[in-house]
Amino acid sequence: MATAVLGMQWGDEGKGKITHLLAKQADMVVRFNGGPNAGHTMIDRGVKFGTHQIPAGAFYSDTCCVLASGMVVDMWVLREEYEAISHHLGREPQLLVSESAHLILPYHRILEELEGSGARIGTTRRGIGTAYRDKAARVGIRAGDLLHPQRLCDKLSHRLDLLKRMWPASSEIASLSVESLSETLLAASQPFLESITDASAAIRLALKEGKVIFEGAQGALLDLDFGTYPYVTSSSTTLAGLGNAIGIPFPQVEQRIGVVKAYTTRVGEGPFPTELADEEGGKQLREQGGEFGVTTGRPRRCGWLDLVALRHAAALNDPTRLDITKLDVLSGMAEIKVCRAYRLRGSKITDFPHGRGEELALCEPIYETFPGWDEEIGNVRKLEELPQAARDYLEVVTQEVGVPIGLVSVGPAPEETIVT
Ligand code: IMP
């Protein structure tokens with residue numbers, strides 16, 4: 001039995017909490033895309049964690065965590081997270097790292113700064129795009145290379161030669177050397193060397209014999225191909241990209257959970273039709289929802305729920321259930337708006353123009369307004385105990401996507417959850 005937990009917006013939907021809740025019953029949790037750009041927040045035994053690369057399964061002793069080949073892995077960040085989680089648990093998490101996952105090396109961050117994509121796209125500045133680019137350009141270093149130090153040094157030497165020729169004026173690039181880079185990389189990776197393996201084979205076996213969760217990072221609208229290009233991340237963030245990221249064609253994923261925040265947020269640049277200015281309520285959502293990036297601390301842009309974008313995300317993720325998060329943040333709003341269509345150059349459109357970013361930037365939302373509710377709902381544990389206005393709001397979302405709601409989150413703690 002396999003389950004996928006997938007973001008339906010621009011990331012930060014609350015996938016960490018959902019995966020953490022499910023991981024208890026899982027034999028394996030697989031992260032299949034992205035790297036330390038993600039920040040999955042969860043509360044484990046009362047302690048708040050923001051993990052970046054290690055899947056939420058790490059908190060359970062019987063669950064094996066896999067960093068699949070679709071990821072780009074920063075070994076220094078992984079080491080830090082691994083040590084923090086080990087310290088919290090009093091034991092080391094079970095971990096497998098795909099031998100074909102590419103590594104983020106210090107020059108990927110340097111290149112991102114030199115090229116200015118941090119400012120242009122509003123990236124997380126973690127070297128994600130430049131590491132995926134090295135993969136596509138076939139000059140990347142993979143986790144499997146760590147098992148062969150001479151091979152690692154030869155590849156690093158080739159890569160550093162190219163870099164030094166391309167950036168002769170950069171003192172940061174000039175200071176890189178094969179010896180010190182390979183030495184510090186191998187030292188940081190030391191606890192994981194025995195975990196580097198053919199992860200596809202391990203996932204295939206687990207799919208036959210046990211319960212597997214695929215944990216997506218970011219969200220459908222940040223997908224490299226079908227998101228709001230070029231304001232996207234550099235990996236496939238959807239179910240559509242899962243098979244390639246784990247090396248298994250058409251993986252049987254019976255349960256596909258589309259995680260939807262009850263409103264919308266976005267970090268970084270790019271079009272966002274339902275964005276609210278601070279004076280229109282954007283500030284209220286940001287403050288009530290604690291909408292500041294886990295990875296970068298940046299304030300998130302906030303706005304109403306965009307059902308046009310959500311239908312597009314549903315086409316990419318084919319969800320069998322929607323998990324709605326942060327419904328409690330909407331308590332106290334005088335009215336709540338949802339966008340079902342856009343106005344573009346005077347005409348009404350209902351399809352998300354993902355391939356035409358310039359047009360999306362011109363789209364104005366057409367809103368429907370619903371009454372809000374005043375009650376605090378953090379203590380509610382049953383759907384029928386929610387205020388009528390909150391239930392009506394959930395009904396609008398589920399009707400629009402045509403998929404039932406599986407769970408509603410009304411607070412960050414695991415128990416602050418309504419299971420339908
Ligand atoms: P990158 O993934 O760091 O290259 O950033 C590309 C875009 O994706 C930027 O707009 C980032 O803010 C956004 N992004 C990347 N990871 C996340 C995430 O986990 N949550 C929300 N936005 C993200």
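Numbering of ligands and ligand atoms starts at 1, following listing order.
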So, regarding [X] and ligand 1 (criterion: nitrogen or oxygen to nitrogen or oxygen, under 3.5 Å), is there a contact or not?
X      : answer
Thr123 : no
Glu112 : no
Gly122 : yes
Arg126 : no
Glu269 : no
Asp12  : yes
Arg125 : no

inquiry  = With a heavy-atom distance limit of 4.0 Å, tell me whether Lys15 approaches ligand 1 through its side chain, its backbone, both, or neither.
reply    =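 For Lys15, no heavy atom sits under 4.0 Å from ligand 1.
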query = Is Trp10 touching ligand 1 with its side chain, its backbone, both, or neither, if touching means heavy atoms under 4.0 Å apart?
reply =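 The part of Trp10 near ligand 1 is the backbone, not the side chain.
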Under 4.0 Å between a Lys/Arg side-chain N and an Asp/Glu carboxylate O for [X] and [Y]?
X      : Y      : answer
Arg300 : Asp12  : yes
Arg109 : Glu113 : no
Asp323 : Arg321 : yes
Glu275 : Arg301 : yes
Arg133 : Glu115 : yes
Asp134 : Arg159 : yes
Arg286 : Asp278 : yes

query = With respect to Lys326, which candidate in Glu416, Glu291, Glu13 satisfies the salt bridge (charged side-chain N to carboxylate O under 4.0 Å, His left out) definition?
reply =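 Of Glu416, Glu291, Glu13, salt bridge (charged side-chain N to carboxylate O under 4.0 Å, His left out) with Lys326 is met by Glu291 alone.
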ask   = Does ligand 1 have any atom that is closer than 4.0 Å to a heavy atom of Ala38?
value =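 Yes, Ala38 has heavy atoms under 4.0 Å from ligand 1.
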Shortest protein heavy-atom distance from [atom], along with the residue and atom involved:
atom                    : value
atom 12 (O) of ligand 1 : Arg298 NH2, 3.0 Å
atom 17 (C) of ligand 1 : Gln218 CG, 3.5 Å
atom 3 (O) of ligand 1  : Thr124 OG1, 2.5 Å

ask   = Does the ring pair (Phe, Tyr, Trp, His ring centres under 6.0 Å) test come out yes or no for Phe272 and Trp10, once each step is laid out?
value = CA-CA 10 Å; Phe272 177 179; Trp10 277 291; 5.3 Å; yes
ask   = For ligand 1, which atoms have a heavy atom of Val267 less than 4.0 angstrom away?
value =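 Result: 10 (O), 12 (O), 21 (C), 22 (N).
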ask   = At a 4.0 Å threshold, what atoms of ligand 1 neighbour a non-hydrogen atom of Thr233?
value =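 Counting atoms of ligand 1 from 1, those under 4.0 Å from Thr233 are 1 (P), 2 (O), 6 (C).
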key: Selected option - heavy-atom contact closest to atom 23 (C) of ligand 1, from Ile121, Leu222, Val232, Leu221   =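 It is Leu222 whose heavy atom sits nearest to atom 23 (C) of ligand 1.
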inquiry  = Tell me if the centroids of the rings in His20 and Tyr60 come within less than 6.0 Å of each other.
reply    =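 Close enough - the centres of the two rings lie under 6.0 Å apart.
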